[in-house]
Amino acid sequence: MEVDDDFDVREFDGINIDFEAAKKAVLEVIKAVGEDPEREGLRNTPDRVSRMYAELLSGYSMDPQKIINGALFNINYDEMVLVRDIEFYSLCEHHMLPFLGRAHVAYIPKGKVIGLSKIPRLVDMYARRLQVQERMTRQIADLLQETLEPQGVAVVVEAMHLCSMMRGVKKHDARMTTSAMHGAFRANLATRQEFLNNISRSRVMLG
Ligand SMILES: [Zn+2]
């Protein structure tokens, strides 16, 4: 599968961030920790950080209908479609620290399929927000369920959470796996097992 990772401005409705407010807030944090906001390395940090948030949180301004636009096809195909190892980077909403990992997405069509490169973009749209992994997993599954009305949808997300790794007692297991299943994946053990076998095989291959 080929995924075009280029940023597509047509999917982007502009950056809905109040840059001045964000810059001010970052400046306050720098002062609050006792740093000198005027020293060279920090002088442009409020500006850089607010631009960074505009990028990392751009998912709020992405419209799923624009992402999907024109990439739904009526096809008589009813085998499992699987896109695995979709890399994503998100920010946990509790600490605004990154969590990152891979999403595996499968569905069994009922007359309708979606262009393969669109699925990573939809994952990205939900990842680039203040998130919790459980909700992100469910949002991806629900969107595909509503859009494709397939026989079933399955999403598994594996991620590492920097807020667990960097803070407190670092013994905390920072890896988490979440899943959301609809339709055949929920109802049929063999279908679910086929999906899980497929994604575990990919994990072995990648070490
Ligand atoms: Zn957190």
Side-chain angles (χ1 to χ4, degrees), residues 1-5 59 64 67-68 71-73 75-94 97-129 131-166 169-207:
M1 185 199 61
E2 249 180 48
V3 179
D4 170 17
D5 279 330
I67 295 175
I68 294 163
L72 286 181
F73 309 102
I75 288 178
N76 201 1
Y77 180 80
D78 62 0
E79 298 296 322
M80 189 183 302
V81 177
L82 171 62
V83 185
R84 48 190 190 201
D85 297 311
I86 302 166
E87 248 183 62
F88 75 87
Y89 299 86
S90 189
L91 290 177
C92 88
E93 67 185 19
H94 301 128
L97 282 173
F99 68 97
L100 58 138
R102 288 163 178 199
H104 313 283
V105 176
Y107 67 98
I108 302 172
K110 198 162 65 186
K112 223 192 278 180
V113 298
I114 184 169
L116 270 192
S117 69
K118 300 297 182 179
I119 291 178
R121 287 176 189 275
L122 294 172
V123 169
D124 216 38
M125 177 186 74
Y126 286 123
R128 287 174 179 261
R129 298 178 182 194
Q131 271 290 14
V132 295
Q133 186 179 330
E134 295 90 336
R135 183 174 62 226
M136 185 183 102
T137 307
R138 176 136 309 275
Q139 285 174 327
I140 299 163
D142 288 352
L143 181 67
L144 289 171
Q145 179 66 35
E146 286 160 24
T147 306
L148 297 170
E149 297 174 320
Q151 297 178 55
V153 174
V155 178
V156 166
V157 175
E158 304 169 292
M160 305 218 308
H161 291 251
L162 260 60
C163 62
S164 297
M165 297 166 77
M166 295 174 72
V169 270
K170 284 151 195 137
K171 288 171 206 149
H172 217 98
D173 192 6
R175 286 169 189 272
M176 185 159 85
T177 302
T178 48
S179 65
M181 310 267 169
H182 285 303
F185 290 94
R186 180 176 277 272
N188 188 332
L189 179 63
T191 305
R192 187 161 64 241
Q193 204 54 53
E194 186 190 341
F195 167 66
L196 294 173
N197 289 345
N198 260 311
I199 65 174
S200 68
R201 202 180 310 144
S202 83
R203 262 177 281 180
V204 171
M205 270 162 35
L206 288 156

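Predicted, not measured: the structure shown is a model, and the values here were computed from it. Because only heavy atoms are used, hydrogens play no part in the values below, and waters and symmetry mates are left out as well, while side chains stay in.
- The main-chain N or O of Met125 is found under 3.5 Å from a side-chain atom of Arg129 such that the two form a donor-acceptor pair.
- Shortest non-hydrogen contact noted between Leu82 and Phe195 is CD1-CE1, 3.6 Å.
- Every residue two or more places apart in sequence or in another chain that forms a side chain to side chain contact (heavy atoms under 4.5 Å, CB included) with Ser179 is listed here: Val156, Met181.
- Panel note: side chain Arg192, backbone Phe185; a donor-acceptor pair is recorded below 3.5 Å.
- The residue from Arg128, Gln131, Met136 that alone fulfils the side-chain contact (heavy atoms from CB on, under 4.5 Å) condition with Phe88 is Met136.
- When all heavy atoms of Ser117 and Pro120 are compared, the closest pair comes out as O-CD, 3.4 Å.
- Side chain of His104 to main chain of Asp85: a donor-acceptor pair is present (N/O by atom type, distance under 3.5 Å, no hydrogens or angles).
- A 4.5 Å side-chain heavy-atom check between Pro109 and Val81 finds at least one atom pair inside the cut-off.
- Taking both residues in full, the closest heavy atoms of Lys112 and Thr147 are given as NZ-O, 3.4 Å, listed atom of the first, atom of the second, then distance.
- For the pair Leu122 and Ile67, the tightest heavy-atom approach, listed with the atom from each and the gap, is CD2-CG2, 3.9 Å.
- Here Leu100 pairs with Tyr89, Pro98, Leu162 under the side chain to side chain contact (heavy atoms under 4.5 Å, CB included) rule; sequence neighbours left out.
- Annotation: side chain of Val157 is not in contact with side chain of Val123 (no heavy-atom distance under 4.5 Å).
- With values rounded to the nearest 0.5 angstrom, Met165 atom CE is found 11.0 Å from Leu97 atom CG.
- Within 6.0 Å of CZ in Arg135 there are more than 12 heavy atoms belonging to other residues, nucleotides or ligands.
- When all heavy atoms of Cys92 and Phe99 are compared, the closest pair comes out as N-CD2, 3.6 Å.
- His182 places a side-chain heavy atom less than 4.5 Å from the side chain of Arg138.
- Remark: Ile199 CD1 to Glu158 CD distance equals 6.0 Å, nearest 0.5 Å.
- With Tyr107 contributing its side chain and Leu148 its backbone, the two residues share no donor-acceptor pair below 3.5 Å.
- Ile119 CD1 to Leu143 CG: the interatomic distance, rounded to the nearest 0.5 Å, is 10.0 Å.
- The two residues Thr137 and Gln133 have their closest heavy-atom pair at OG1-O, 2.7 Å.
- With sequence neighbours left out, the side-chain hydrogen bond (donor to acceptor under 3.5 Å, both in side chains) criterion links Gln145 to no other residue.
- A side-chain donor-acceptor contact under 3.5 Å links Asn198 to the backbone of Glu194.
- In this structure, the separation between SG on Cys163 and CD on Glu93 is 11.0 Å, given to the nearest 0.5 Å.
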